[in-house]
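Following: one structure in structure tokens, then a few remarks.
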Amino acid sequence: MAVTITQVEISGSGKDAKLAISADVTNTGTEPAYSPQAYLWRDTEPIASLAALEAAQLEPNPGRRMNPEEACAFIPEMPCNFRNLAAENEAILPGQTVSSTWTENLYGSPDATLGLSEATPAVFAVGLRIDATPDGSGINTRYNAGTATTFISLAGEAEAQITNLVYLYSEPSKLYENLFTDEHLAGELSGRLPGLVDEIGEQASFLIDPSLYDEIADMADGYQVLIDGKLKDGTGQEAAKRWLDAFHAKLGYGGARTFFASPDTLSFPDALETAATQVPEALASLPLIVRPPSGGVSEPILDSYRDLKLADGKVLNPAAVLASNVVQDYPTTLDGTMILSGQVSGGQDIASLQYELAAALLGNSGQLRVITEPEQAKQWQELNPGWLKHRSLSELLASNPTEPAKLSDWNQRPADDNTVRRVKAALSDIDRYSTLVSEEGKPTFAETQKGPFELRAASMYWQGNSQAKYLGALIDQIGLKSLDDKIELDTPEMWVMSSESNDFPITVTNNLPEPISVRIHAESENSSRLSVPDSALVRIEPGVSQTVNVRPVSKSGGAFTLEISALNDAGERVTKEVSVTVTVNNLSAVGWVIVIVSGVLLVALTWKRIRARKRETQAGSTGEDE
């Protein structure tokens with residue numbers, strides 16, 4: 001049986017305080033569960049520490065819990081403290097769900113249901129146990145069919161502090177300026193992301209990924225999306241503008257930023273400095289909170305963050321590290337580095353939320369609640385007791401924890417070799433493309449786009465095959481095959497040379513969205529007999545066809561094959577090769593002298609023959625006159 005607690009609510013005060021627990025009981029087996037009974041229980045002793053709370057969550061039956069027999073003695077007027085979930089000898093059938101609510105007194109005389117004597121600050125484990133019989137044959141065949149555990153937090157006059165942190169991020173979709181792989185971010189700008197910004201305020205600070213801000217700011221001034229390999233205008237421009245306005249209005253409530261795109265710096269250690277310093281101007285003043293690869297932190301990872309040396313010689317110390325393997329749930333330090341629990345809070349089930357409330361009460365030096373969905377915030381608003389006070393992120397970072405951090409073991413899990421190889425290949429394509437479109441006096445494509453692309457390609461946010469799709473989209477745009485398709489070379493298939501060197505035209509068409517700089521290069525099958533110097537570097541605007549002349553030089557006659565391509569300024573090929581057959585009617589220097597002399601003689605003989613023929617014609621005409 002699956003027992004799911006759906007609601008835990010404490011109402012009233014003093015002797016009138018009551019606990020209401022609702023649950024769904026589902027028969028997940030293949031056989032009916034006859035005469036099911038549900039027992040409500042609690043621990044006989046309060047949980048007094050965070051360590052004990054964690055043990056109670058992990059251990060199915062920790063501490064001195066009341067069993068059904070104890071419950072029978074505890075509440076004499078309610079035999080065995082159980083509730084029938086079906087009539088005697090009737091069953092919950094496979095797949096069937098039964099819902100019920102238990103409402104009992106918290107305090108009072110020893111015969112009260114939960115029997116607490118006074119409202120002192122305490123945390124108790126409470127829960128349900130479901131018993132049933134396999135065939136309705138009676139009590140002797142009853143078995144434990146399922147259990148569920150949650151916690152209740154009784155604060156009394158105590159108060160606890162918690163920092164609500166709205167985490168703003170999304171799976172990357174920007175390839176480079178004004179170009180995105182898909183429209184998923186436009187969809188999130190119509191739902192999840194505006195809802196999260198709405199939660200920032202007096203009761204919540206924020207943590208933002210600079211990559212998300214960069215992408216939304218780029219969308220706000222217009223962008224295009226790749227759909228089936230074709231560029232289409234994006235649909236999220238207006239939504240992006242609205243989100244930016246709403247977010248800017250909330251900056252005053254305080255927050256922090258993460259590494260740009262939260263890359264896997266284990267696999268790409270050279271990206272660490274870029275990740276720390278790649279930040280839009282609007283977020284530059286925010287403190288840096290690092291989220292490590294895969295969420296957890298180890299000493300080698302921490303060492304890479306501490307006193308991060310930047311290219312300009314400055315040192316960047318992150319304000320804190322957000323790690324999921326922190327044993328304590330309140331801020332701690334490790335060798336001067338503040339460590340915050342990085343577990344994403346809420347949103348799964350009511351038991352998880354009750355656990356976090358209990359942790360907040362026991363660890364009253366300050367909890368951190370990370371909210372990634374608007375629904376989580378709404379759940380907390382409904383659940384939040386008056387004794388739990390919000391503390392801003394800046395106040396949390398300014399606190400002075402006295403207990404050193406304790407970390408569970410963390411195995412570093414870098415990306416697989418194939419992913420690393422594909423990312424590096426894409427970065428190489430960016431370098432080639434950058435040289436192709438670079439222009440003197442202007443930043444190159446690689447200088448402006450390579451860093452952000454590397455961080456996004458190595459992001460920890462990727463799900464399923466999304467990363468492969470992202471890398472493939474960039475290679476389709478600026479990879480070698482893409483350039484083959486978008487830079488066209490056109491020239492006749494045959495060239496005929498009638499002298500030692502001749503000029504031949506090659507038409508270059510630029511189908512890319514920006515200007516390119518190329519030179520024409522020809523590989524000769526026999527460079528000792530026919531050589532072709534590279535052309536000068538030419539600048540070709542988008543959508544323009546331009547003729548570039550090359551001048552082969554021959555040293556002997558014959559037929560030769562040339563493989564012609566266009567190169568960027570670094571000498572890297574950026575188009576596919578075009579084959580040309582060159583026929584050289586070149587008979588060497590002596591041969592040309594013979595040809596010229598023969599031609600002169602032929603002209604002289606022809607001239608003499610014409611003179612002789614002319615005299616013959618004149619003589620014939622005179623004889624006729626006589």
Side-chain angles (χ1 to χ4, degrees), residues 47-58 121 123 151 153 158-167 204-207 254-259 262 265-266 276 286-308 315-346 352 355-372 387-412:
I47 297 171
S49 67
L50 287 170
L53 176 67
E54 184 178 14
Q57 185 191 40
L58 298 175
V123 171
F151 303 93
S153 303
E159 285 190 353
Q161 293 180 319
I162 192 163
T163 298
N164 296 308
L165 195 61
V166 174
Y167 188 18
S205 302
F206 68 86
L207 177 64
R257 62 181 174 93
T258 62
F259 275 167
S262 292
T265 52
L266 288 175
L286 297 177
L288 175 65
I289 294 181
V290 176
R291 179 180 175 235
S294 304
V297 68
S298 62
E299 278 296 337
I301 296 175
L302 276 176
D303 288 341
S304 69
Y305 299 149
R306 294 189 186 107
D307 299 334
L308 176 61
V315 174
L316 177 67
N317 291 309
V321 175
L322 190 63
S324 59
N325 61 326
V326 184
V327 175
Q328 302 99 320
D329 283 329
Y330 46 90
T332 55
T333 60
L334 194 62
D335 294 339
T337 302
M338 180 171 281
I339 310 292
L340 303 176
S341 173
Q343 297 285 6
V344 175
S345 304
S352 298
Y355 174 84
E356 291 172 16
L357 277 180
L361 181 62
L362 295 174
N364 58 12
S365 59
Q367 295 292 294
L368 178 66
R369 178 194 300 150
V370 182
I371 298 170
T372 59
W387 50 263
L388 192 58
K389 306 298 181 183
H390 173 68
R391 176 166 64 169
S392 70
L393 179 62
S394 58
E395 291 173 325
L396 174 67
L397 296 177
S399 63
N400 186 26
T402 56
E403 187 172 352
K406 297 177 183 177
L407 303 174
S408 61
D409 292 336
W410 190 259
N411 294 322
Q412 301 180 28

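Computation of the quantities below employed the complete heavy-atom set of this structure, encompassing side-chain atoms and omitting hydrogens, waters and symmetry-equivalent molecules.
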CA sep, side-chain torsions, deciding dist, call: E299, L334, side-chain contact (heavy atoms from CB on, under 4.5 Å): CA-CA 10 Å; E299 278 296 337; L334 194 62; 3.5 Å; yes
Nearest heavy-atom neighbours spanning N317 and R306: OD1-C, 4.2 Å
Nearest-0.5 Å distance, CG of residue L393 to CG of residue L207: 7.5 Å
Side-chain touch L165/I371, heavy atoms, less than 4.5 angstrom: no
Spacing of CG belonging to L340 relative to OG1 belonging to T332, to within rounding of 0.5 Å: 7.5 Å
V297 backbone acceptor or donor facing N325 side chain under 3.5 Å: yes
Polar side-chain atom of R391 near backbone of A160 as donor-acceptor pair, under 3.5 Å: no
L362 versus S49, closest heavy-atom pair with distance: CD1-O, 3.5 Å
Closest non-hydrogen atom pair, G295 against W410: C-CZ2, 4.2 Å
Distance in Å, H390 NE2 paired with T163 OG1, rounded so as to fall on 0.5 Å steps: 6.0 Å
Exercise: identify the closest heavy-atom pair between S341 and L368: O-CD2, 3.5 Å
Check: W387 and S153 side chains under 4.5 Å, non-hydrogen atoms: yes
Atom pair CG/OG1 of L286 and T258 - distance to nearest 0.5 Å: 10.5 Å
Inter-residue atom distance L357.CG - R369.CZ, 0.5 Å rounding: 7.0 Å
Residues which pass side chain to side chain donor-acceptor pair (under 3.5 Å) with S262, listed by chain and number, not counting sequence neighbours: Y461
4.5 Å side-chain heavy-atom contact, L302 and D335: no
Nearest-0.5 Å distance that lies between atom CZ in F151 and atom CD1 in I47: 5.0 Å
Heavy-atom side-chain proximity of T337 to Y305 below 4.5 angstrom: no
Side-chain heavy atoms of L397 within contact of P287, under 4.5 Å: yes
